[in-house]
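Note sheet for the following structure.
In what follows, chains carry the letters A, B, and so on, assigned in the order in which the sequence lines appear, proteins first and then strands, with residues in each chain numbered from 1. Side chains are part of it too, since the values below use all heavy atoms of this structure and drop only hydrogens, waters and symmetry mates.
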Amino acid sequence: MKRPRVRFAPSPTGFLHVGGARTALFNWLYAKKFDGEFLLRIEDTDRARSTDESTRAIFEGLAWLGLTWDEEVVYQGANVERHYADAHRLLASGAAYRDFTPAAETERLRAEAEARGEAYRVDRAATMLSEADIAERLARQEPYAIRFKVPDGYTEWHDLVHERIAFPNKDIEDFIILRSDGTPVYNMAVVSDDIAMRITLVMRGDDHISNTPKQILLYRALGAEVPQFGHVPMIHGADGKKLSKRHGATAVGDYQHLGFLPQAMLNFLALLGWSPGDDTEVMLLPELIERFSVQGLHAKAAIFDTKKLEWMNGQHLALMPIAELGHVVAPLFEKAGLATVAELASRPEWFHGVLELLRVRARLTDEMIPLATTFFGATVEYEPEAIGKQWRDAAVTAEILQATHDRLATLEQWEPAAMEDALRKLAEEKGISGGKIFQPLRVALTGKTVSPGIFDVLLYVGRDHSLARIGAAVAFLSKDA
RNA sequence: GGCGGUAUCGUCUAGGGGACUAGGACACAGCCCUCUCAAGGCUGGAACACGGGUUCGAAUCCCGUUACCGCUACCA
């Protein structure tokens, strides 16, 4: 098999959408899998809607996901001269013809037909003029658009995901390939570029299915080899409608800032519209490449389920190498004012130990921040609910905490097994359950009713801070009484 | 309206004529573990859109209906 050349061709009219990201991912996986090239083309021919900011967002989104492209980025706008030349080539070969009808007139006819409930179709016989007529209008410099002369018959192709798709040509209008102002129309530009880029497989959203017969006709008229096509399904929102702002975050950049990991996003997106064929769910890029196949591609639109994405993120959070997680999360800690990246890096064992405690309790990296505050700073703020629930009897609690403090203070080694031994023994002596000690202690150390295991908290808060916090709690409770 | 596409639990999916009493995952509920919260383990409810064929036999193949989606521009 020839090395495949695939492309992702977004128009820079917004941010990188999750649907676009998935199309990019499938193309990328295909290229990697079959040792081919993945190219990026920015379809910026709609000057009114295209922005540099969008182009940048697309680059950033792809970079975040790690979907790197081969060769230089192609800007469609830079190729309009070729598009123009190709359109005129078609005109010269008789595959297309001039349409001198003013755009406004065509628009009027179409509107009228629609008002009558009829399907409008340009009348080729009426539109194509005689040689003499054309020469005359040309001499008068009348503007004209170029229409493709759709041949008889039908156009079909073997789609990678849909199998055979066929369109009767009679249902395809003689479409415009070059506007009367000389600018190329989408289908012309795409085909011209895909030929120039030597694309072997066009994998895109299935909203392009009805463009495909037109494009195939163009390839043939241009004498170019028709590439393979694969139309992947759309991604819909929870209401089954096309994903839009109304559904909340739809740009991959949004997810990045919400605390999602790129590998989780990639994994989740891969599973929307593709399946490895068995029950495997959590996969990293190398495995995705390994297992990717067009047979696993689906034809059905998928609904974007944020809950499952969150679960997926939690899985990757728990699985990734702790040092890697440290690099992702340290800047977040710094931003939250907990500690600087440098400080965290200066004691990696402690930092990573803390992260081990937090990662299984968070689904998003951002969720680790509130959980992490316990391990930083000298003082603790007590949540009212925590006091109400675990410190009901101030006198008794103060006494238990004081005893706890004393036992812990005499420990020769500040390590969990010894702490647990000492405190369980204390509980036994007092004839109470361990929980009666651990829960008030948790409030003293964290101010909250929930936290990682209490001995882990003691270990990572450290001996000095732990004992100080317990002492402060005793003081707080005594003063209260 | 025309053309095209799609149709398995609420969601993502396995399934490509008999292994289906339809499997897994998310979500939900319960239980276990347990110092709390997570994580983890176990259990439960939950689907082949409908109607016709073909066949000894259909979730799987064919046809029709319905529903949903897309396209229908001198937008991309």
Side-chain angles (χ1 to χ4, degrees), chain A residues 9-11 13 43-46 48-50 76 99 101-104 106-107 110 114 116-121 143-147 159 162 165-168 170-173 175-181 183-187 189-190 205-213 231 233-234 236 238 240-242 268 271-282 295 298-312 314-315 318 357-363 371 386 389-390 420 423-424 427 433-443 446 448-455:
Chain A
S11 54
T13 55
E43 308 215 319
D44 55 352
T45 47
D46 185 346
R49 289 193 298 158
S50 298
Q76 190 159 64
D99 180 357
T101 318
T106 306
E107 205 178 312
R110 195 180 299 279
E114 269 168 29
R116 273 180 270 123
E118 290 167 19
Y120 177 78
R121 191 63 53 77
Y144 59 88
I146 297 180
R147 280 191 189 273
D159 196 275
H162 293 270
I165 301 183
F167 283 79
K170 65 174 174 55
D171 291 327
I172 306 171
E173 184 177 48
F175 54 97
I176 298 223
I177 54 178
L178 198 75
R179 298 187 187 90
S180 49
D181 65 0
T183 59
V185 148
Y186 174 74
N187 281 315
V190 167
D206 68 15
D207 49 341
H208 284 288
I209 285 179
S210 36
N211 280 322
T212 306
H231 290 91
M234 302 275 89
H236 290 161
K241 297 271 197 287
K242 199 172 157 182
F268 175 73
L271 259 20
L272 273 190
W274 174 77
S275 156
D278 60 22
D279 294 334
T280 314
E281 300 229 66
V282 180
Q295 283 76 28
H298 298 152
K300 194 183 94 171
I303 288 175
F304 193 90
D305 181 4
T306 311
K307 276 282 199 309
K308 186 145 187 177
L309 207 210
E310 285 175 9
W311 169 79
M312 186 66 84
Q315 294 294 308
L357 301 182
L358 305 184
R359 73 196 313 196
V360 293
R361 295 177 169 78
R363 295 194 142 193
L371 265 28
K389 197 166 175 195
Q390 303 299 347
E420 180 155 11
L423 296 189
R424 292 227 182 253
S433 69
K436 286 279 186 291
I437 291 178
F438 306 146
Q439 288 295 74
L441 176 57
R442 168 167 289 111
V443 179
T446 72
K448 303 168 185 167
T449 55
V450 305
S451 80
I454 199 68
F455 305 109

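At a cut-off of 3.5 angstrom, counting only N and O atoms as typed in the model, there is a donor on one side and an acceptor on the other between the side-chain of A:Lys308 and the base of B:A25.
Under the rule for a side chain to side chain donor-acceptor pair (under 3.5 Å), the partners of A:Glu420 that lie at least two apart in sequence or sit in another chain are A:Arg424. Considering only residues two or more places apart in sequence or on other chains, A:Thr306 meets the side chain to side chain donor-acceptor pair (under 3.5 Å) condition with none of them. Not counting sequence neighbours, the partners of A:Asp99 by the side chain to side chain donor-acceptor pair (under 3.5 Å) test are A:Thr101, A:Arg147. A:Ser11 pairs by the side-chain contact (heavy atoms from CB on, under 4.5 Å) definition with A:Thr13, A:Glu43, not counting sequence neighbours. Applying the side chain to side chain donor-acceptor pair (under 3.5 Å) test to A:Gln315 and every residue at least two apart in sequence or in another chain returns nothing. Remark: A:Lys308 engages A:Phe268, A:Glu281, A:Asp305, A:Trp311 in a side-chain contact (heavy atoms from CB on, under 4.5 Å) (not counting sequence neighbours).
Nucleotides B:A27 and B:C69 place their C1' atoms 25 Å apart, quoted to the nearest Å. Distance noted for atom P between B:C9 and B:G24: 16 Å (whole Å). Separation of the C1' atoms belonging to B:C28 and B:U21 is 24 Å when rounded to the nearest angstrom.
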Show me the protein contacts with nucleotides 7-10 of chain B, counting only N or O atoms at under 3.5 Å.
unit_1 : atom_1 : unit_2   : atom_2 : d
B:U8   : OP2    : A:Lys300 : NZ     : 3.1

Please list, pair by pair, any protein nitrogen or oxygen found under 3.5 Å from a nitrogen or oxygen in nucleotides 19-22 of chain B.
none

Could I get a table of every N or O pair under 3.5 Å where one atom is in the protein and the other is in nucleotides 33-35 of chain B?
unit_1 : atom_1 : unit_2   : atom_2 : d
B:C35  : OP1    : A:Arg424 : NH2    : 2.7
B:C35  : O2'    : A:Gln439 : OE1    : 3.1
B:C35  : O2     : A:Arg442 : NH1    : 3.1
B:C35  : O2     : A:Arg442 : NH2    : 2.6
B:C35  : N3     : A:Ile454 : N      : 3.2

Report, one pair per line, the protein and nucleotides 39-50 of chain B atoms (nitrogen or oxygen only) whose separation is under 3.5 Å.
unit_1 : atom_1 : unit_2   : atom_2 : d
B:G40  : OP1    : A:Gln315 : NE2    : 3.3

Report, one pair per line, the protein and nucleotides 62-64 of chain B atoms (nitrogen or oxygen only) whose separation is under 3.5 Å.
none

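Checked against A:Pro184 for a side chain to side chain contact (heavy atoms under 4.5 Å, CB included), the options A:Ile146, A:Ile176, A:Leu178 give a single hit: A:Leu178.
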Per-nucleotide protein contact along nucleotides 67-74 of chain B, 5' to 3', at a 4.0 Å heavy-atom cut-off (B base, S sugar-phosphate only, - neither), is --SSS-SB
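Within the shown strands, nothing qualifies as a pairing partner of B:A19 under the Watson-Crick or G-U definition with both distances less than 3.5 Å. In this structure, B:C61 forms a base pair with B:G53, meeting either the Watson-Crick or the G-U wobble geometry with both donor-acceptor distances under 3.5 Å. Summarising the base pairing, B:A25 is matched to B:U11 through a Watson-Crick or G-U wobble pair whose two defining distances lie under 3.5 Å. Using N1 to N3 plus N6-O4 or O6-N4 for Watson-Crick, or N1-O2 and O6-N3 for G-U wobble, each under 3.5 Å, B:U6 pairs with B:A67. Base pairing of B:A39: no nucleotide in any strand meets the Watson-Crick or G-U wobble criterion (both distances under 3.5 Å). Of the nucleotides present, none pairs with B:A47 by Watson-Crick or G-U wobble criteria with both distances under 3.5 Å.
Rounding to whole angstrom units, CG of residue A:Asp171 and P of B:G2 are separated by 11 Å. Whole-Å rounding puts the A:Leu358 CG to B:A38 C1' distance at 11 Å. We find that CG of A:Leu309 is positioned 14 Å from P of B:C26, with the value rounded to whole Å. B:U36 atom P lies 14 Å from atom CG of A:Leu441, rounded to whole Å. A:Ile303 has its CD1 atom 17 Å from the P atom of B:U6, to the nearest Å. The CG atom of A:Asp279 sits 9 Å away from the C1' atom of B:U13 (whole-angstrom rounding).
Relative to the side chain of A:Ile165, the nucleotides B:G4, B:A14, B:A25 differ in distance, and B:G4 lies closest. With B:A76, B:U36, B:G5 as the candidates, the nucleotide lying closest to the side chain of A:Gln76 is B:A76.
Within the 4.5 Å cutoff, no side-chain heavy atoms of A:Thr212 are placed close to those of A:Ile165.
A:Phe455 and A:Phe438 have perpendicular rings, their planes meeting at more than 60° on a 0 to 90° scale where under 30° would count as parallel.
Under 4.0 angstrom from either OP1 or OP2 of B:U6 there lies no side-chain N or O belonging to A:His231. Proximity of A:Ser275 to the phosphate of B:A14: a side-chain N or O atom is located under 4.0 Å from OP1 or OP2.
At distances below 3.5 Å, at least one donor-acceptor pair connects side-chain atoms of A:His162 with backbone N or O atoms of A:His231. A donor-acceptor pair under 3.5 Å is formed between the side chain of A:Arg121 and the backbone N or O of A:Lys170.
Between A:Ser210 and A:Phe167 the shortest heavy-atom distance is CA-CZ, 4.0 Å.
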Is there a side chain to side chain contact (heavy atoms under 4.5 Å, CB included) between A:Met234 and A:Asp206 once you walk through the steps? CA-CA 7 Å; A:Met234 302 275 89; A:Asp206 68 15; 3.4 Å; yes
